[in-house]
Amino acid sequence: MPELPEVEVTRRALEPLLVGRRIRRVTTTARSYFFLTPPSTLRTRLEGRTVVGLIRRGKYLLAELDDASHLLLHLGMTGQLFSSAAASPRLVSAKSRVSLRPATQRQFQPDAHTHLVIAFSDRGPKLFFRDVRKFGKVRWLAPGREDPRCEKLGVDALEVRGDDLVAACKKRTAPIKSVLLDQSVLAGVGNIYADEALFRARIRPTRRARALKRAEYDALARAVIAVLEAGIAAGGSSIDDFVRPDGSDGGYQGEHRVYGRSGEPCPRCGSEIRRVVIGQRSTCFCPSCQQ
DNA sequence: ATCTGTCCCTGGACGC
DNA sequence: TGCGTCCAGGGACAGA
């Protein structure tokens, strides 16, 4: 699940791959809600443009083009952004994986889930955007236009301070976990890093957001930053689909302390990690050290 | 203003 | 082996 660390790892790897290159041809799958901008419009707006920058806002990537327009990308749940040079079993469904010989797995072949392919004038590596569940998004933004989704984003999670949480949680009776996932409060946190941050700060995810003590908001803000930075340093979490743009796996999935570990002993106290559902999201925590 | 439930989608896990 | 069912989840949206 791409969250801030995965998106930032992607951004850092793609920036040198994209910046300065001129888009020659754009190919897409059929029109669907994956395309906030219709494929035909995407093609005409992008072809001929040169990429001049790549920035991240929360979980969004924004490629700036030489005419001051932007290409907005969101990886959703299963999105994969990578270059021609990438190869990984994660870029192929398990079914076709078994039917493929190892030799043919080395070269990525665009499939029905490869919704966007960008080829460049220099005939070098292409950019692929593959997304099995199509929860990802692609949108072209005219010069000066902002995306309403981006405008609503709260403070970037890498820069959150206790004060931000105090202000955001003042009137909120929802569980603190739900507030961490609210992109208008904290931009970039998703299910994995929310659970990890709450574990690190020793706060039970079911607590009402407004009921935390001042010191707990501070601890939580520090914990959010710490887990996100650790995630970036490790190259992100490759659980189901995430791959880095070169096809390699991230390394953070092995460092999860509670996420996906229900039934296992807590790495801190040995109690059994429990799983509950909060806001339709599965949530793992240690009932003993998160009170 | 805030909260909760539903929906989009597909592949993998699991039970029979 | 094969089929049916359930589940995962980011975020928009509707209704309470």
Side-chain angles (χ1 to χ4, degrees), chain A residues 1-8 10 29-37 56-61 72-81 88-100 111-116 129-139 147-154 156-157 165 167-196 205-211 228 231 236-243 253 256 258-263 275-284:
Chain A
M1 286 121 267
E3 304 180 24
L4 187 152
E6 290 72 37
V7 178
E8 179 60 22
T10 301
T29 51
R31 187 173 185 155
S32 71
Y33 72 90
F34 177 86
F35 295 105
L36 297 175
T37 299
R56 178 189 60 76
R57 286 197 192 156
K59 299 178 198 173
Y60 290 90
L61 284 176
L72 182 72
L73 304 167
H74 192 290
L75 293 171
M77 273 275 305
T78 52
Q80 301 167 314
L81 276 170
S88 164
R90 296 185 196 276
L91 297 176
V92 183
S93 72
K95 212 182 243 178
S96 31
R97 211 175 292 158
V98 290
S99 65
L100 282 176
D111 59 1
H113 305 303
T114 309
H115 302 297
L116 180 69
F129 190 172
R130 184 173 183 268
D131 185 1
V132 168
R133 290 182 205 172
K134 288 206 277 194
F135 283 6
K137 294 280 175 282
V138 176
R139 182 176 184 186
D147 182 88
R149 295 164 185 77
C150 286
E151 288 184 304
K152 278 185 240 160
L153 292 177
D156 194 84
L165 295 179
C169 294
K170 212 159 199 167
K171 294 178 180 172
R172 300 199 57 166
T173 59
I176 184 65
K177 160 91 182 256
S178 297
V179 176
L180 289 184
L181 293 179
D182 185 340
Q183 301 300 298
S184 69
V185 172
L186 261 192
V189 174
N191 209 34
I192 297 172
Y193 294 92
D195 280 7
E196 295 298 313
T206 50
R207 296 258 307 276
R208 283 174 186 265
R210 68 179 181 193
L228 294 177
S237 302
S238 292
I239 304 277
D240 295 316
D241 302 272
F242 177 71
V243 289
Q253 59 282 355
H256 297 160
V258 285
Y259 180 85
R261 295 194 181 278
S262 65
R275 177 187 176 275
V276 294
V277 174
I278 297 175
Q280 282 70 245
R281 265 28 173 199
S282 85
T283 301
C284 297

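Computed from heavy atoms alone, side chains included, the values below leave out hydrogens, waters and symmetry copies. Throughout, protein chains are lettered first and strands after them, A, B, ... in sequence-line order, and every chain is numbered starting at 1. No experiment lies behind these values; they were computed from the predicted model shown.
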- prompt: What does the inter-axis angle of the helix from dT2(B)-dA16(C) to dC16(B)-dG2(C) come out as, five pairs per end, nearest 10 degrees?
  reply: 50°
Under 3.5 Å, which protein N or O atoms sit close to an N or O of nucleotides 5-8 of chain B? Give each pair with its distance.
from, atom 1, to, atom 2, distance (Å)
dG5(B), OP2, Gln280(A), OE1, 3.3
dG5(B), N7, Gln280(A), NE2, 3.4

message: Expressed as a whole number of angstroms, how long is the span from Arg90(A):CZ to dT10(B):C1'?
response: 17 Å
query: Taking only residues two or more places apart in sequence, or in another chain, which ones meet Arg210(A) in a salt bridge (charged side-chain N to carboxylate O under 4.0 Å, His left out)?
result: none
task: Could you tell me whether Tyr60(A) contacts a base, only the sugar-phosphate backbone, or nothing, with contacts defined as non-hydrogen atoms closer than 4.0 Å?
output: sugar-phosphate
- request: Send over the distance from Lys137(A) NZ to dC9(B) P, rounded to a whole Å.
  value: 10 Å
Test salt bridge (charged side-chain N to carboxylate O under 4.0 Å, His left out) applied to Arg133(A) - qualifying residues, sequence neighbours left out: none
Listed partners of Thr114(A) passing side-chain contact (heavy atoms from CB on, under 4.5 Å), at least two apart: Phe108(A), Pro110(A), Asp111(A), Val117(A), Phe128(A), Arg130(A)
Between Gln183(A) and Tyr60(A), a side-chain donor and acceptor under 3.5 Å: no
- request: Hey, could you give me each pair passing salt bridge (Lys or Arg N to Asp or Glu O under 4.0 Å) that has a residue in residues 173-188 of chain A? Not counting sequence neighbours.
  value: Arg172(A)-Asp182(A), Lys177(A)-Asp195(A)
task: Could you tell me whether the side chains of Ser282(A) and Tyr259(A) share a donor-acceptor contact shorter than 3.5 Å?
output: no
statement: Whole-Å distance, Arg133(A) CZ to dT10(B) P, equals 10 Å
message: Can you pull out every salt bridge (Lys or Arg N to Asp or Glu O under 4.0 Å) where at least one residue sits in residues 275-284 of chain A? Sequence neighbours excluded, please.
response: none
- prompt: Taking only residues two or more places apart in sequence, or in another chain, which ones meet His113(A) in a ring pair (Phe, Tyr, Trp, His ring centres under 6.0 Å)?
  reply: none
- prompt: For DNA chain C, which residues in residues 175-183 of chain A have a heavy atom at a distance below 4.0 Å?
  reply: Gln183(A)
- request: Check whether any side-chain N or O of His113(A) sits under 4.0 Å from OP1 or OP2 of dG11(B), and answer yes or no.
  value: yes
Which residues share a salt bridge (charged side-chain N to carboxylate O under 4.0 Å, His left out) with Asp147(A), sequence neighbours left out: Arg139(A), Arg149(A)
statement: Taken in chain and number order and not counting sequence neighbours, the residues that satisfy salt bridge (charged side-chain N to carboxylate O under 4.0 Å, His left out) with Lys59(A) are none
- prompt: Should the pair His115(A) and Phe34(A) be assigned to parallel (<30°), tilted (30 to 60°) or perpendicular (>60°) ring geometry?
  reply: tilted
- prompt: When you list every nucleotide of DNA chain C with an atom under 4.0 Å from a heavy atom of chain A, which one comes first 5' to 3', and which comes last?
  reply: dA8(C) to dA12(C)
statement: From NZ of Lys152(A) across to P of dA1(B) the rounded distance in Å is 13 Å
